[in-house]
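Lettering of chains follows the sequences in order, A, B, ..., and the numbering in each one begins at 1.
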2 protein chains.
Amino acid sequence: MSNNDNSVNMTAPSRGYHHGDLRAALLDAGLDLLKSGSAETLSLREVARRVGVSPTAVYRHFPDKAALLKELCIRGALELAQAQAQAMRAAGGGRKGFAATGGAYIRYALANPVLFRIMMANMPPGGFFSSDFSDDQVGIKMLRDNIKSLIPDKAGEEGVLFGMLMSWAQVHGLSMLMLDGHIPVSEDTIKAFESSRLEFRFVPDQPSE
Amino acid sequence: MSNNDNSVNMTAPSRGYHHGDLRAALLDAGLDLLKSGSAETLSLREVARRVGVSPTAVYRHFPDKAALLKELCIRGALELAQAQAQAMRAAGGGRKGFAATGGAYIRYALANPVLFRIMMANMPPGGFFSSDFSDDQVGIKMLRDNIKSLIPDKAGEEGVLFGMLMSWAQVHGLSMLMLDGHIPVSEDTIKAFESSRLEFRFVPDQPSE
DNA sequence: CGCATTATGTTTACAGTGATAACATGTCGA
DNA sequence: TCGACATGTTATCACTGTAAACATAATGCG
């Protein structure tokens, strides 16, 4: 949505200034480039070029490249979270639903390799916990709720946190290793993962073997 | 292991035009830069500068930047594998030893953030399985042997592979999420991970709950 | 030994990048 | 109306990777 609207489409909507809504256009173009995956790295100038504006126009709307990237990160993260939420609904919730969110995570990464990579590397610290994701069925909160409902109560808050870490790390690791070409990219593997059951159990640290 | 012998010493063997062993010096300098973690991205020119040579001299020894990076990847991977092997020995092998290799993986990533990242992103496809790591106690082979000895025989070859994927993804995910600042970097978490017991169980895909 | 061939390093140059400063232009409020 | 302000442009800088032409050292062959 909203990618072909270079200059012709967007002229009218609000009384506009120069170029319609350049800020939004830049974000759209940026997301578009990242999703097309053509370039391994996003160039500020390329974004400007795409929108048909001079390179430095970008700086009227973003202090620097990192700021643009940051916003694109958030867009990507929202999209990812939505994909996960939808997968969860489609799977009917519960343990299967949770597994489906994991599968959706990996599939999103594979479908948007450049975006995903940049998103993860440039998301501001704690970005995934930001209030942008306060929506009930989105992101970290979804993960937390799932873990909470799927592990024994006695695990406690610490157990919930540990479960979150481990689950997230699991799908994130699979995603990254696949993206980087270190393990085969295979829908079968993803399916196997989805229908496997992970357990993380604390083992008291004993000196004896 | 060979970075002290080149950094500043180039005075003795390198009077003048020809630098003793430029190729090695470039690799050492590159590794040094990546390990210092100062720059988020390695610059070819910076490496050359470091060695005291003109920027384009690099091209006499490497076709392009990617080639240099590739070799640095391999160095890093070897070092990582050695760290894992050592951790395994220190832990006395067995299940604890295996857990220790995971901890070593994460700690190596945290100790060498730039190197680790670049290494993972630039390692050629299948690089971790390359013959450079044919040493008995190194890398993927170590992982495979560990998994094989720690899961039930009935799991079969497919089970071994799945276990390898899942274990690797687990530690890799934790490493990346910590590096990217998405989960807290904490030795406690690493320790908790090491003393937890992971189980991956295939669950037959049943329509019922 | 002498000299050509080859390996290695340098200079110069080019296209591309993110970024700053100075300038231009359109928009809107008093 | 008109000037302040927001927005976009041009010029420029420092940096990057890389190619081409050039310079020098090492090597080997007569």
Side-chain angles (χ1 to χ4, degrees), chain A residues 5-30 32-34 36 38-73 114 117-118 121-122 124, chain B residues 6-7 9-30 33-34 36 38-73 114 117-118 121-122:
Chain A
D5 48 19
N6 288 356
S7 48
V8 190
N9 264 350
M10 284 296 270
T11 42
S14 51
R15 78 261 1 242
Y17 359 93
H18 252 148
H19 204 288
D21 190 352
L22 182 54
R23 184 188 166 86
L26 290 171
L27 286 173
D28 284 343
D32 224 52
L33 282 171
L34 289 184
S36 82
S38 57
E40 193 57 37
T41 177
L42 183 68
S43 147
L44 219 52
R45 295 172 108 102
E46 170 88 21
V47 175
R49 219 173 288 136
R50 189 91 152 203
V51 174
V53 90
S54 85
T56 53
V58 181
Y59 290 89
R60 293 295 152 186
H61 299 272
F62 303 93
D64 56 6
K65 185 183 182 180
L68 208 207
L69 247 17
K70 203 180 84 176
E71 302 234 10
L72 293 178
C73 287
V114 181
R117 219 194 271 285
I118 292 197
N122 292 78
Chain B
N6 74 51
S7 45
N9 62 0
M10 285 311 97
T11 44
S14 86
R15 66 190 64 59
Y17 217 83
H18 276 55
H19 180 293
D21 188 356
L22 182 52
R23 183 187 167 87
L26 290 171
L27 286 174
D28 285 342
L33 281 172
L34 289 183
S36 84
S38 58
E40 193 57 38
T41 176
L42 183 69
S43 147
L44 219 54
R45 294 172 108 103
E46 170 87 22
V47 175
R49 220 173 287 136
R50 190 91 151 202
V51 175
V53 89
S54 85
T56 53
V58 181
Y59 289 88
R60 292 296 152 187
H61 299 273
F62 303 93
D64 57 5
K65 184 182 182 180
L68 208 207
L69 247 16
K70 204 179 85 178
E71 303 232 12
L72 292 178
C73 288
V114 181
R117 229 198 206 75
I118 291 197
N122 291 78

Item checked: Minimum heavy-atom distance between A:Val58 and A:Leu26, given as atom pair plus value -> CA-CD1, 4.0 Å
Item checked: Separation between CG of A:Leu34 and CG of A:Leu69, rounded to the nearest 0.5 Å -> 7.0 Å
Item checked: Residue met sooner reading DNA chain C from 5', once A:Tyr59 and B:Pro55 are mapped to nucleotides -> B:Pro55
Check: To the side chain of B:Val53, which of C:dT10, D:dG17, D:dA11 is closest?
Finding: C:dT10
Notebook entry, point to check: B:His61 side chain N/O closer than 4.0 Å to the phosphate oxygens (OP1, OP2) of C:dA7?
Noted result: no
Notebook entry, point to check: Would you say a side-chain N or O of B:Ser43 is under 4.0 Å from OP1 or OP2 of D:dG17?
Noted result: yes
Check: Of the nucleotides C:dT8, C:dC23, D:dT10, which has the atom closest to the A:Arg60 side chain?
Finding: C:dC23
Next item on the list: Find the distance B:Leu44:CG to C:dT17:C1' and express it as a whole number of Å.
Entry: 16 Å
Margin query: Rounded to whole Å, how long is the line connecting atom CG of B:Leu26 with atom C1' of C:dT8?
Written below: 12 Å
Next item on the list: Rounded off to whole Å, could you give me the CG-to-P distance for the A:Asp21 and C:dG26 pair?
Entry: 19 Å
Checklist line | Nearest heavy atoms of B:Gly30 and B:Leu42, plus distance in Å | finding: O-CD1, 4.2 Å
Next item on the list: Just compare C:dA19, D:dT18, D:dG8 and give me whichever is closest to any side-chain atom of B:Asp64.
Entry: D:dT18
Margin query: By nearest atom, which of the nucleotides C:dT12, C:dG9, C:dA19 is closest to the B:Ala57 side chain?
Written below: C:dG9
Item checked: Length of the line joining B:Leu42:CG and D:dC15:C1', which is rounded to integer Å -> 14 Å
Next item on the list: For B:Leu68, answer base if it contacts any base atom (sugar-phosphate contacts may also be present), sugar-phosphate if it contacts only those atoms, and nothing otherwise; contact means non-hydrogen atoms under 4.0 Å.
Entry: nothing
Notebook entry, point to check: Just checking A:Arg49: base, sugar-phosphate only, or nothing, at a heavy-atom cut-off of under 4.0 Å?
Noted result: sugar-phosphate
Notebook entry, point to check: If you check the B:Arg45 side chain, which of C:dT11, D:dG17, C:dA19 turns out closest?
Noted result: D:dG17
Checklist line | Heavy-atom pair of closest approach, residues B:Arg23 and B:His61 | finding: NH1-O, 3.0 Å
Checklist line | For the student: nearest non-hydrogen atoms of A:Ala48 and A:Ser54, plus distance | finding: CB-O, 3.7 Å
Next item on the list: Would you kindly check whether a donor in the side chain of A:Thr56 faces an acceptor in the base of C:dT20, or vice versa, at under 3.5 angstrom?
Entry: no
Check: Taking atom types as they are modelled, is there a donor-acceptor pair under 3.5 Å from the base of D:dT16 to the side chain of B:Thr41?
Finding: no
Check: Atom CG of A:Leu22 to atom C1' of D:dT7: distance rounded to whole Å?
Finding: 9 Å
Margin query: Rounded to whole Å, please give me the gap between CZ in B:Phe62 and P in C:dT8.
Written below: 12 Å
